[in-house]
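Some notes on the structure that comes next.
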There are 2 protein chains.
Amino acid sequence: MVRTVFEKADAIALVAEVFRELGYEGASMSEITARTKLSKGSLYHFFPGGKEEMAAEIMAHIDGWFVTEMFRPLEEEEPSVAISRMWETAEGYFRSGRRICLIGAFALDDTRDRFPSVIQGYFQRWIDALAGSLIKAGLRDGEAKALAEDAVIGIQGALTLARALCDDAIFDRTLTRLKLRMEAALK
Amino acid sequence: MVRTVFEKADAIALVAEVFRELGYEGASMSEITARTKLSKGSLYHFFPGGKEEMAAEIMAHIDGWFVTEMFRPLEEEEPSVAISRMWETAEGYFRSGRRICLIGAFALDDTRDRFPSVIQGYFQRWIDALAGSLIKAGLRDGEAKALAEDAVIGIQGALTLARALCDDAIFDRTLTRLKLRMEAALK
DNA sequence: TTTTTAATAGACCGATCGGTTTAGAAAGTC
DNA sequence: GACTTTCTAAACCGATCGGTCTATTAAAAA
C-alpha cells in the first residue's frame, strides 16, 4: 500500500482549488478526495470540522495572503508604489481570470450566510485600504472612495466575464483600463 | 388533500429564484420542492430532464427577457433612449443587488461547462448590442467596445460586492457612476 | 354522464452525500 | 528495539441526493 504524506499547508492549497472550481456545494468530499489525492482520513485529520472547517481555513488563508501582499502595503507603503504593486498582485493572483476569487464566488449564493464576516471583511478592507492610499496620494475623500470601489468592482466583474466568455484577454484588458483610469485621476 | 395547480411559467419563475439563492449544486430537489411548494411529480411533469432541464429553461427564459427588454432595444432603438432605458432595466431587474445575475453566477463554477453557449451568448450579445448603440451614437469603435465591456463588467462586479458587503446602496451607486461615465464619453 | 387527459402528491429507488471508525504504516522518543 | 504519536487508507454509517413510479384528483372532451 502506497502512502503519501501531506503537510496541512498543502492540503489547504489543494482543497482551495477544488472549491474554486466547483463551489462550496459542488465540492463533495468524494470529488475533493479524487482531485487532491488526499484520503478522507487525511482530510478529517487536518479538518475535523469537515467541509465547513476546510472552507473557513481556506478563506482565512486567502485573506491572510491578501493582507500581507496587498492590503498592508496599501495601508503602509508609499501610495504610488503600493497601488502599482496592487495591479501586479491582482494580475498575478487571478491569472488572466482563469482563477476566480473564491470569496467573491461564495458571496453570490447562500454560502455567504455561512461566512458573512470573513467575506464582508475581505472586501471592506480591500476598498478601505485602497481608498486610504488614494487619499494619501492627494485625492479628495469622496473621489478616493468611489475610485477604490470602482477598482474592486471592476476586478470582480472582469473575473465573471472572463469565465463567461472563456476569454483570457478581457481580464488583463480590464485591469489595464482600471489602472489607467486611476492614474488619470491622480494626474 | 389540498391540491394546487401551477402553470409552467410559474414553475420556471419559482424554481429560478431557488437556483438564484442556492446555486446549481446547492439547489437540491428537496430544497426546490420545499421552497416552491411544487411536488416532485409536478416538477418532473414540467421538466422531464430534471435539474439540468430546469436550469436550461430558466436560462433561456432569462435570456429571452433580456433580449426583448434590453438587447433588441439597444440594437434597434435610438441610442440615447435605449441606453438610458438599459440603466433603468438593470436597476429594476437586479433590485439594488439583492437579486443576482444567475447566468453570471453559473459562469463562476463548473456549472459553466454545462451551459457554455448560453452563458457566452448572453454576455456577448449584451456587450455587442451596447457597443453597437454607442457607435451609432457617434463613438469610435474601440472606445465603444471598451465602454460597453466596462458597463457590463461593472454591473456584474457590483452584484458581487452588494452581496458580499450586504450593502444595498453600492449597487445603485455603481450604476449611477457607470451611467455618468458613459454620458461623459458621449459628451 | 362517461371517458380521457393533464397535473399533483408523495412513497419509493439505488447512488452518493458528509462524516465516523478501525486498522495499520511511518516517524519520532526513549 | 519497544513504545508512542502522527498520519493515511478505506470500510462503513445513516441521511440525503436526483430521479421514478403509482395513485389520485380535477378538468376537458365526448
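So you know, we letter chains A, B, ... as the sequences are listed, proteins then strands, and number each from 1.
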### Task
Kindly state whether the ring of B:Tyr93 and the ring of B:Phe66 have centres lying under 6.0 angstrom apart.
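Judged by ring-centre distance (under 6.0 Å), B:Tyr93 and B:Phe66 do meet the cut-off.
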#### Entry: Spacing of A:Lys8 atom NZ relative to D:dC7 atom P, expressed in whole Å
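From A:Lys8 NZ to D:dC7 P: 10 Å.
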### Query
Does anything in residues 27-52 of chain B reach DNA chain D, meaning a heavy atom under 4.0 Å, and if so which residues?
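By residue number: B:Ala27, B:Ser28, B:Met29, B:Ser30, B:Lys40, B:Tyr44, B:Gly50, B:Lys51.
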### Query
Does any donor atom in the side chain of A:Ser30 or A:Thr33 lie under 3.5 Å from an acceptor atom in the other side chain?
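No donor-acceptor contact under 3.5 Å links the two side chains.
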#### Entry: Residues in side chain to side chain donor-acceptor pair (under 3.5 Å) contact with A:Glu53, at least two apart in sequence or another chain
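Side chain to side chain donor-acceptor pair (under 3.5 Å) list for A:Glu53, sorted by chain: empty.
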### Task
Not counting sequence neighbours, which residues clear side chain to side chain donor-acceptor pair (under 3.5 Å) with B:Asp109? List them please.
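For B:Asp109, the residues satisfying side chain to side chain donor-acceptor pair (under 3.5 Å) (neighbours in sequence not counted) are B:Thr111.
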#### Entry: Spatial distance of atom CD1 (B:Ile103) from atom CZ (B:Arg112) [nearest 0.5 Å]
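One finds 14.5 Å between CD1 of B:Ile103 and CZ of B:Arg112.
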